[in-house]
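One structure below.
It should be emphasised that the depicted structure is a prediction, and the values quoted were computed from it without experimental measurement. Counting begins at 1 with the first residue of the sequence. Counting starts at 1 for both ligands and their atoms, following the listed order.
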Amino acid sequence: MRIFLDTANIEEIKQAVKLGVISGITTNPSLMAQAKATDYEAAIKEICAIISGPVSTEVTVEGVDAMLKQARQIASWSPCIVVKIPSTLEGLEVISTLAEENIRVNCTLCFSVNQALLAARAGAAYISPFVGRLDDIGQDGMQLVEDIVKIYKNYPEIKTEVIAASIRHPEHCIRAAKIGAHIATMPYKVLLQMIQHPLTDIGNKRFLADFKNVSR
Ligand code: E4P
């Protein structure tokens with residue numbers, strides 16, 4: 001399973017890239033607002049300059065024509081760009097047109113298997129089931145990821161990659177990897193939590209302390 005960072009925060013991206021474990025970035029308008037971005041294009045280009053992997057960038061307009069126009073503009077910003085299009089009826093039309101133009105799409109805001117099936121048939125490069133948001137309403141978000149992975153595997157001609165998105169904690173990462181999701185996209189905080197273990201910290205302290213007795 002590859003790991004993407006779900007953030008538009010430049011410092012977080014720089015720190016995570018240094019770790020050598022990040023293969024891409026996902027952003028959305030809310031994350032851009034949290035990062036206090038003022039110029040959408042400039043902010044995305046700055047991210048693309050830091051990481052060589054895919055950078056998912058969402059359309060911010062409605063309607064097929066407007067989404068297509070903006071998606072083409074966004075795609076022209078960098079070869080890294082993957083355009084995020086919502087899992088809606090209009091979105092499907094946009095995805096299929098962009099796929100014909102070889103513009104990669106991350107179909108976002110996916111909350112059902114049927115949405116994922118249609119996105120794949122429309123030609124989306126990625127599907128993003130939102131695990132945490134389903135958990136928030138009392139459903140098992142990771143079950144949706146499992147169902148999509150299983151169903152896509154039944155049809156080897158489907159090349160759409162599954163991104164477990166809206167990840168809230170390290171246990172989500174473990175389940176996504178067990179299921180066989182291609183990618184998990186997570187906040188920087190969750191990435192940091194993945195490496196932490198109290199026994200590692202205790203053991204490391206003890207080794208360093210004991211070595212002081214050896215090296216006299
Ligand atoms: C994915 O691409 C989305 O940006 C993200 O995972 C949404 O997560 P949230 O539910 O924490 O906002």
Side-chain heavy-atom pair [X], [Y] within 4.5 angstrom cut-off:
{"X": "Val162", "Y": "Ile179", "answer": "no"}
{"X": "Leu98", "Y": "Leu68", "answer": "yes"}
{"X": "Pro129", "Y": "Phe111", "answer": "no"}

### Met186 and its side-chain contact (heavy atoms from CB on, under 4.5 Å) partner, picked from Gln193, Arg168, Met194, His172
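The single option meeting the side-chain contact (heavy atoms from CB on, under 4.5 Å) with Met186 is Met194.
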
### Query
When Ile183 is tested against each of Asn106, Ile163, Ile3 for side-chain contact (heavy atoms from CB on, under 4.5 Å), which residue passes?
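Answer to the side-chain contact (heavy atoms from CB on, under 4.5 Å) test with Ile183 among Asn106, Ile163, Ile3: Ile163.
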
### Query
In the protein, what heavy atom is nearest to atom 7 (C) of ligand 1, and what distance, to one decimal place, separates them?
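Here the nearest protein heavy atom works out to Phe130 CE2, 3.6 Å.
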
### Task
Can you pull out the closest protein heavy atom to atom 8 (O) of ligand 1? Residue, atom name and distance to 0.1 Å, please.
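Checking every protein heavy atom, the shortest distance to atom 8 (O) of ligand 1 gives Ser166 CA, 3.4 Å.
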
Please identify which atoms of ligand 1 are closer than 4.0 Å to at least one heavy atom of [X].
{"X": "Lys84", "result": "1 (C), 2 (O), 3 (C), 4 (O)"}
{"X": "Arg168", "result": "9 (P), 10 (O), 11 (O)"}
{"X": "Thr26", "result": "2 (O)"}

Under 3.5 Å between some N or O of ligand 1 and some N or O of [X]?
{"X": "Asp6", "value": "yes"}
{"X": "Arg133", "value": "yes"}
{"X": "Thr185", "value": "no"}

### Query
Just by distance, do the side chain of Thr160 and the backbone of Tyr126 share a donor-acceptor pair under 3.5 Å?
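Side chain of Thr160 to backbone of Tyr126, a donor-acceptor pair under 3.5 Å: no, none is there.
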
